[in-house]
Amino acid sequence: MALNLAKTRNFGIVAHIDSGKTTVSERILYYTGKKHKIGEVHDGAASTDWMKEEQERGITITAAAVFARWRDFDINLIDTPGHVDFTAEVERSCRVLDGAVVVFCAVAGVQAQSETVWRQANKYRVPRLVFVNKMDRMGANFDRVVGQVKERLGGNPVPIQMPVGAGDDFTGLVDLISMKYFTYEGDKGEDQIEHDIPENLKAEADKRRASMIDTLASVCGDESIETAYLENGTLTNEQIYTGLKAGALKFTLQPMLCGAALRNKGVQKLLDAVVDILPDPKSSHNMRQYDVDDLTREKPIPTECDPKAPLRAMVFKIMSMPQLGDVSFVRVYQGTIKEGDQLLCLSTRKPERASRMVKLVGAVPHKVEDAQAGDICALVGLKNTITGETLVSPTDTKPMMLEGISFAKPVISMAIEPKSNADKEKLAYALQRLEREDPTFKKYTDTETGQLIIQGMGELHLEVLQHRIRDEYKVDANVGKPRVSYRETITKEVEVRGKHVKQSGGRGQYGDCILKIRPLTAEERSTGVEFIWVDATRGGTVPKEYRPAIEEGVIAELARGYAVGYPCINVHVSLIDGSYHDVDSSEAAFIAAGSLAIRNAYSQLGVIVMEPWMRVEVETPDQFTGGVMGSLQSKRAIITETLDRGPNKIIRCEVPLGEMFGYTTDLRSLSQGRAGYSMEPSEFKQVPNSMLEKIKKAEGAKAG
């Protein structure tokens with residue numbers, strides 16, 4: 001059956017941890033008829049939190065894709081984690097979504113991880129709605145959150161609802177478009193009752209509607225709406241929806257709604273806003289595709305949201321699920337995938353087959369026959385495809401590569417080993433599977449110590465993976481203490497020669513290159529690139545076939561580091577000259593020459609060691625503020641801001657990651673268990689000289 005694109009919505013729910021995202025998702029499943037019973041997060045019964053670790057911890061760890069129907073619209077919903085350790089889940093979800101609902105707590109407002117998910121939505125140009133949840137909590141303040149969205153996130157909030165009451169007095173909401181008052185009755189709030197606006201609220205509602213229309217007309221970016229407003233002094237309801245849709249799609253505004261998901265209030269109106277305001281797949285942002293031979297990626301071509309066009313589908317998530325095995329979540333941008341179709345993974349050129357196609361509600365599969373352009377589904381049993389790769393038809397004569405997904409690099413590492421030799425192979429298999437699922441999880445063997453090292457985004461990330469190894473793969477493993485992933489960089493510019501000449505009888509080895517090496521500028525670093533290679537040779541001093549070999553040697557040597565044996569980053573290398581021998585030159589010789597040039601240059605480059613710093617936000621009851629700030633300062637924290645949030649204090653600071661291990665326990669003891677914190681990666685900063693010797697000793701690396 002053909003997919004009705006106009007009546008399809010692909011959206012995600014994103015937010016800071018503990019804002020109520022999963023509770024909102026549960027209510028959506030209940031009201032759309034996908035569930036007959038509401039599962040609560042605190043009971044470990046939420047559909048989208050199906051993993052054992054999620055149920056035990058009461059948090060979302062992996063993005064869950066579910067489907068439902070509302071008012072004859074097909075909805076694909078992705079519930080994402082809020083904890084910074086699992087930010088990759090938000091990254092990959094934003095990549096494939098046409099819209100997002102950003103959930104804020106009405107008490108806490110805009111928090112640290114809220115800013116991260118907002119930036120991710122900006123990065124992938126995702127239109128969004130804002131849902132201010134937990135209006136039933138003491139200290140809830142809708143207008144304060146509206147102000148924070150504007151001031152802290154640089155948004156253009158347009159409230160389209162007015163809450164009636166707050167905390168225990170939160171009774172419902174006024175829809176400023178229909179100008180009706182809605183309350184929620186029945187055991188689970190399933191009866192949304194429409195009333196006329198009470199007289200005591202009418203003046204305030206009229207004032208807020210006028211403000212909504214004025215803001216909408218000035219920022220929505222639709223000239224017809226602006227003209228209608230200037231001519232008539234107001235807008236019709238139809239024009240308001242037209243302006244909201246246009247502004248959301250152009251990222252010039254964010255409609256704001258309110259409710260209390262746990263108390264079953266406001267979710268139906270949120271669903272209405274999703275289908276009335278967020279874009280369909282055809283009108284939303286187009287994915288870019290590239291010719292596979294266009295290595296520069298300078299000539300993108302937009303995809304066509306057409307089921308008859310050549311297939312372009314992206315695998316955005318891989319999971320190992322009970323009963324199903326390997327499940328690959330796929331967004332189809334062009335063409336159609338039918339059950340049984342032969343597919344081709346474009347980057348590896350390996351064949352795949354859509355042997356079984358499903359849509360999921362949590363861990364429960366529902367069989368589907370096909371997935372057309374604009375749809376999201378799950379393919380069971382793909383073997384050769386990883387996250388971010390493009391699937392095409394093997395008969396396509398001109399396949400194109402979709403723009404991929406970028407992920408943050410791991411910041412923390414631990415040593416891991418099985419408790420018994422018999423478990424070595426099982427551990428290797430488990431780590432391989434987890435690495436395929438999670439692009440921010442890496443493993444490698446330390447060549448110096450022989451230890452198997454695992455890397456991730458934080459303590460919780462690696463702790464969850466350790467438990468999954470134990471519970472899912474039945475491997476008992478010993479895990480060492482967390483270690484910081486330091487980096488090295490350079491501070492000076494040099495020109496250096498690397499000349500590798502070796503004669504040992506018979507054919508010799510000859511490779512010679514002259515490199516110019518300098519630190520990256522601040523502008524270059526801001527792009528996220530850590531290494532730039534430029535071929536600036538003139539004439540035939542180094543034949544073209546040997547230049548990639550020099551680059552290979554350079555990269556390999558930079559990865560070894562110099563001061564403490566960690567990779568050297570933010571380096572710009574230009575190949576400016578060199579020489580070769582007609583007989584003795586080879587790729588291996590030029591690899592050695594590139595490596596030698598870097599080794600020769602290191603002592604002149606002013607190498608410094610850097611450590612990852614984190615942006616930290618601590619929320620604590622006021623009476624514990626002094627002790628908490630003192631503990632942060634003892635960890636080399638730089639306090640950037642302190643704010644009041646109701647009865648609590650918010651402390652924002654930057655702290656070295658290495659100082660934050662075990663901080664959860666420290667904070668609990670300082671605050672009688674009442675304070676909490678969140679953190680996200682900030683930047684790498686130079687390690688103080690006073691700590692450098694300790695790091696060198698701990699890492700077992702020799703000084704340069």
Any sub-3.5 Å donor-acceptor pair from [X]'s side-chain atoms to [Y]'s backbone N or O?
{"X": "Arg128", "Y": "Gln254", "answer": "no"}
{"X": "Gln239", "Y": "Thr236", "answer": "yes"}
{"X": "Gln334", "Y": "Ala309", "answer": "no"}
{"X": "Arg27", "Y": "Ala261", "answer": "yes"}
{"X": "Asn237", "Y": "Ile177", "answer": "yes"}
{"X": "Thr336", "Y": "Pro307", "answer": "yes"}
{"X": "Thr642", "Y": "Ile651", "answer": "no"}
{"X": "Asn76", "Y": "Phe11", "answer": "no"}
{"X": "Thr390", "Y": "Leu402", "answer": "yes"}
{"X": "Asn10", "Y": "Leu97", "answer": "no"}

Going by heavy atoms in the side chains, are [X] and [Y] under 4.5 Å from each other?
{"X": "Thr215", "Y": "Leu253", "answer": "no"}
{"X": "Ile318", "Y": "Ser328", "answer": "yes"}
{"X": "Val24", "Y": "Phe131", "answer": "yes"}
{"X": "Ile337", "Y": "Leu311", "answer": "yes"}
{"X": "Leu77", "Y": "Ser25", "answer": "yes"}
{"X": "Gln372", "Y": "Val332", "answer": "no"}
{"X": "Phe142", "Y": "Met135", "answer": "yes"}
{"X": "Val164", "Y": "Val174", "answer": "yes"}

Under 3.5 Å side-chain donor-acceptor pair for [X] and [Y]:
{"X": "Gln161", "Y": "Asp175", "value": "no"}
{"X": "Asp74", "Y": "Asn4", "value": "no"}
{"X": "Thr234", "Y": "Asn232", "value": "no"}
{"X": "Ser224", "Y": "Tyr229", "value": "no"}
{"X": "Ser211", "Y": "Asp214", "value": "no"}
{"X": "Tyr30", "Y": "Asn264", "value": "no"}
{"X": "Gln192", "Y": "Glu185", "value": "no"}

- Message: Using side chain to side chain contact (heavy atoms under 4.5 Å, CB included), reason through Ile197 and His195 one step at a time and then give a plain yes or no.
- Response: CA-CA 6 Å; Ile197 300 174; His195 314 265; over 6 Å; no
Gap between atom [atom2] of [Y] and atom [atom1] of [X] - 0.5 Å precision:
{"X": "Ile160", "Y": "Met162", "atom1": "CD1", "atom2": "CE", "result": "14.0 Å"}
{"X": "Arg312", "Y": "Cys305", "atom1": "CZ", "atom2": "SG", "result": "13.5 Å"}
{"X": "Glu619", "Y": "Leu643", "atom1": "CD", "atom2": "CG", "result": "10.5 Å"}
{"X": "Arg209", "Y": "Lys202", "atom1": "CZ", "atom2": "NZ", "result": "9.5 Å"}
{"X": "Leu262", "Y": "Lys134", "atom1": "CG", "atom2": "NZ", "result": "8.0 Å"}
{"X": "Trp70", "Y": "Leu271", "atom1": "CH2", "atom2": "CG", "result": "5.5 Å"}

- Query: Should the ring pair Phe316 and Phe329 be called parallel, tilted or perpendicular, given that the plane angle runs from 0 to 90° and is split at 30 and 60?
  - Reply: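 Correct class here is tilted.
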Can you give me the closest heavy-atom contact between [X] and [Y], atom names plus distance?
{"X": "Gly374", "Y": "Thr8", "value": "O-CG2, 4.1 Å"}
{"X": "Leu257", "Y": "Lys269", "value": "CD2-O, 3.9 Å"}
{"X": "Lys245", "Y": "Ile277", "value": "CG-O, 3.5 Å"}
{"X": "Pro365", "Y": "Arg356", "value": "CG-NH2, 4.2 Å"}
{"X": "Pro127", "Y": "Phe251", "value": "N-CE2, 3.5 Å"}
{"X": "Val149", "Y": "Val110", "value": "N-CG2, 4.0 Å"}

- Task: List the steps, then state whether side chain to side chain contact (heavy atoms under 4.5 Å, CB included) holds for Val14 with Val103.
- Result: CA-CA 6 Å; Val14 298; Val103 180; over 6 Å; no
- Item | Derivation of the side chain to side chain contact (heavy atoms under 4.5 Å, CB included) call for Val358 and Val368 | CA-CA 5 Å; Val358 297; Val368 293; 5.6 Å; no
[atom1] of [X]: more than 12 outside heavy atoms within 6.0 angstrom?
{"X": "Lys308", "atom1": "NZ", "value": "no"}
{"X": "Met179", "atom1": "CE", "value": "yes"}
{"X": "Glu223", "atom1": "CD", "value": "no"}
{"X": "Lys250", "atom1": "NZ", "value": "yes"}

- Query: Can Tyr184 and Thr171 be said to form a side chain to side chain contact (heavy atoms under 4.5 Å, CB included), step by step?
  - Reply: CA-CA 8 Å; Tyr184 297 86; Thr171 58; over 6 Å; no
- Task: Before accepting this row, confirm whether a basic side-chain N of the pair Asp98/Lys282 lies closer than 4.0 Å to the acidic partner's carboxylate O.
- Result: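 A salt bridge is absent here (no side-chain N lies under 4.0 Å from a carboxylate O).
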- Should Lys317 and Glu437 count as an ion pair when the cut-off is N to O under 4.0 Å?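 Looking at Glu437 together with Lys317, the answer is no, because their closest N to O distance does not fall below 4.0 Å.
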- Item | Six-ring centre of Tyr333, Arg331 cation under 6.0 angstrom, axis tolerance 45° |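 Flagged: Arg331 positioned over aromatic ring of Tyr333.
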- Task: Mark yes or no: Lys7 above the aromatic ring of Phe73, with NZ or CZ under 6.0 Å from the six-membered ring centre and no more than 45 degrees from the axis.
- Result: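 Yes, cation above the ring, under 6.0 Å and within 45°.
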